[in-house]
Amino acid sequence: RKEVEQDPGPFNVPEGATVAFNCTYSNSASQSFFWYRQDCRKEPKLLMSVYSSGNEDGRFTAQLNRASQYISLLIRDSKLSDSATYLCVVHTPYALNFGKGTSLLVTP
Amino acid sequence: EAGVTQSPTHLIKTRGQQATLRCSPISGHTSVYWYQQALGLGLQFLLWYDEGEERNRGNFPPRFSGRQFPNYSSELNVNALELEDSALYLCASSFQGDYGYTFGSGTRLTVV
């Protein structure tokens, strides 16, 4: 079983739509959780950390369920500029593990 | 503040040669991670250095090696290059703990 699993998509949504991505992780010793965004042929950039209490940053909301080992990212009011690959990232004691990413395409 | 810098940006090598990739972390960061991202694939963990020590390595053959210098910069060496080593190699740094990691813009290695 992979350390971090994500639905690869692609998710094609119209501007203004709400879209949700899910991610599961296998290592119960995982300590920290993040969502990164990666544009085509660019390096990943930190979008937001994910906390057990859930956290929000503008149009983005992240949730963590430790019992189910599940992380989510919700994007409201999608913009064209949100088109990218979203990487779920899980920090275990000895490694930073990336999911393969979920591709999002926001269309006019 | 300068971000994570990697050099060179692009590198073309012949099969069987050796490649050396370099990474300078953000000032104050002591941990450096190396990742390989082959075309169409996710990031594969290569190596983690912290305070000059190798803390963990991913599932890669021994011809992938590296080191971290006293100033926390790091070098990744790939010996006996194979065609499938062609990929974007990314370096990330952090100050340990539960903080997000900052990535460099990568070195694109092409093996011909």
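Basis for what follows: all heavy atoms, side chains included, without hydrogens, waters or symmetry-related copies. By convention in this document, chain letters (A, B, ...) are assigned in the order of the sequence lines, proteins followed by strands, and residues within each chain are numbered from 1.
- Neither the backbone nor the side chain of B:R57 comes within less than 4.5 Å of any heavy atom in chain A.
- A:V19 and A:L74 are assigned to two separate hydrophobic clusters, defined by single-linkage of ILVMFWY side chains at heavy-atom distances under 4.5 Å.
- Residue B:N71 qualifies as enclosed at atom CG: its count of foreign heavy atoms under 6.0 Å is above 12.
- With a threshold of 4.5 angstrom between heavy atoms, B:F103 approaches chain A through its backbone and through its side chain.
- More than 12 heavy atoms of other residues, nucleotides or ligands shown are found within 6.0 angstrom of CZ on A:R66.
- For A:N97 against B:Y35, the heavy-atom pair with the smallest separation is N-OH, 4.4 Å.
- Taken to the nearest 0.5 Å, the CZ atom of A:R41 stands 7.0 Å off from the CG atom of B:L39.
- Within the 4.5 angstrom heavy-atom criterion, atoms from both the backbone and the side chain of B:L43 approach chain A.
- Both B:V78 and B:V32 are assigned to one and the same hydrophobic cluster, defined by single-linkage of ILVMFWY side chains at heavy-atom distances under 4.5 Å.
- Contact of the A:F98 side chain with the B:Q37 side chain is not registered, since no non-hydrogen atoms from C-beta on lie closer than 4.5 Å.
- Hydrophobic clustering keeps B:L88 apart from B:W34 (ILVMFWY residues linked when any side-chain heavy atoms are closer than 4.5 Å, directly or through intermediates).
- Of all the listed residues (A:Q38, A:K45, A:K100), the one sharing the greatest number of non-hydrogen pairs under 4.5 Å with chain B is A:Q38.
- No side-chain N or O of B:Q6 forms a donor-acceptor pair with one of A:E43 less than 3.5 Å apart.
- If you take CD on A:E3 and CZ on B:F45, they are separated by 10.5 Å, rounding to the nearest 0.5 Å.
- Other residues, nucleotides and ligands place more than 12 heavy atoms under 6.0 Å from the CG atom of A:L105.
- Hydrophobic cluster membership differs between B:L47 and A:L96, with clusters built from Ile, Leu, Val, Met, Phe, Trp and Tyr side chains linked at under 4.5 angstrom.
- From A:L46, atom CG reaches atom OG of B:S94 across 11.5 Å, with rounding to the nearest 0.5 Å.
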